[in-house]
Amino acid sequence: LSLSHTDSDNDSSILVPGIAPAGQFRASAVRLVAGDYRVLTAPVPGAAAPFSARPNANSQQTMASLHLEWRTRLGTVRSITAGIDTDEYYASDLSGVGAVFTGTGASSRQYSQELQLLGGAPEDDLQYLVGAYYFRDRASQFVGTLIPGVVTSREDVRLRTESTALFGQLTWRFAERWSVTTGVRW
């Protein structure tokens, strides 16, 4: 069993042409590759207060996987189960003076299951693997840009993906250091 969760708050400056040092997600930590860098949300003297003193973003992701094996008379049965749950958003004032805002929110729920039957023995010349696979993803994203009081662009995207497969593989060891493998996936 493997479990992982991340929760990252950052300044949403993800489009800066640079490279952030490992473990850093702040624009102040970016080493520029080319060009210059300006935070577009910095207040302009004498202008209205911006939507946010700085851009903001959050990304949360939870991952889990479970690998199980059972030995049977027919061979080894293997189950591989995994899931990923992701939620992200960012918001920014593109004008720096509270006039043009942009933001996006996205979420994804993924699940996969694979079942395998592996057979043969180390002394056998033939080894086999047969199995089935299933994958499902449900994702959505909202992207919007607005001038206060007026939505200037809005996009809602919803995706549904489902995939199934059956597969098989056969390996023939015809010499001590040589083998041939063939397989099919449908």
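What you are looking at is a predicted structure, and each value in this text was computed from that prediction instead of being measured.
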(message) Would Ser8 and Ser59 count as a side chain to side chain donor-acceptor pair (under 3.5 Å) here? Give the steps.
(response) CA-CA 5 Å; Ser8 170; Ser59 177; over 6 Å; no
(message) Quick check for you: to the nearest 0.5 Å, what is the distance between Thr62 atom OG1 and Asp85 atom CG?
(response)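 Between atom OG1 of Thr62 and atom CG of Asp85 there are 5.5 Å.
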(request) Measure the spacing between CD of Gln60 and CG of Asp7 and express it to the nearest 0.5 Å. (result) 4.0 Å
How close do [X] and [Y] get, counting heavy atoms only, and between which atoms?
X      : Y      : value
Phe167 : Arg185 : CD2-NH1, 3.9 Å
Trp172 : Leu126 : CB-CD2, 3.6 Å
Ser140 : Arg158 : CB-NH1, 3.2 Å
Ala57  : Tyr90  : CB-CB, 3.5 Å

Is [Y] close to [X] at the side-chain level, that is, under 4.5 Å between some pair of heavy atoms?
X      : Y      : answer
Ser112 : Tyr133 : yes
Val180 : Phe174 : yes
Leu129 : Leu117 : no
Ser65  : His67  : yes
Gln169 : Thr182 : no
Thr161 : Phe135 : yes
Thr104 : Gln141 : yes

What side-chain donor-acceptor pairs closer than 3.5 Å can you find for residues 70-84, not counting sequence neighbours?
residue, atom, partner, partner atom, Å
Arg71, NH1, Thr76, OG1, 2.9
Thr72, OG1, Leu74, N, 3.3
Thr72, OG1, Gly75, N, 3.2
Thr72, OG1, Gly75, O, 2.7
Arg78, NE, Glu69, OE2, 2.9
Arg78, NH1, Gln116, OE1, 3.0
Arg78, NH2, Glu69, OE2, 3.1
Ser79, OG, Gln113, NE2, 2.9
Thr81, OG1, Gln113, OE1, 2.5
Thr81, OG1, Gln113, NE2, 3.4

Does either side chain, that of [X] or that of [Y], offer a donor lying less than 3.5 Å from an acceptor on the other one?
X      : Y      : answer
Ser179 : Thr171 : no
Ser108 : Asp137 : yes
Glu162 : Tyr134 : yes

(request) Before giving the answer on side chain to side chain donor-acceptor pair (under 3.5 Å), spell out for Thr86 and Gln61 the whole-Å C-alpha distance, their side-chain angles and the decisive distance to 0.1 Å. (result) CA-CA 4 Å; Thr86 304; Gln61 186 172 67; 2.9 Å; yes
(message) Taking Arg109 first and then Asp87, would you say they form a salt bridge - that is, a charged N and a carboxylate O separated by under 4.0 Å?
(response)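 So Arg109 pairs with Asp87 through a salt bridge.
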(message) Could you check whether Arg154 pairs with Asp156 (Lys NZ or Arg NE/NH1/NH2 to Asp/Glu carboxylate O, under 4.0 Å)?
(response)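 Yes, Arg154 and Asp156 are salt-bridged.
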(request) Look at the side-chain heavy atoms of Ile, Leu, Val, Met, Phe, Trp and Tyr, link any pair under 4.5 Å apart, and say whether Val184 and Leu118 land in one connected group. (result) no
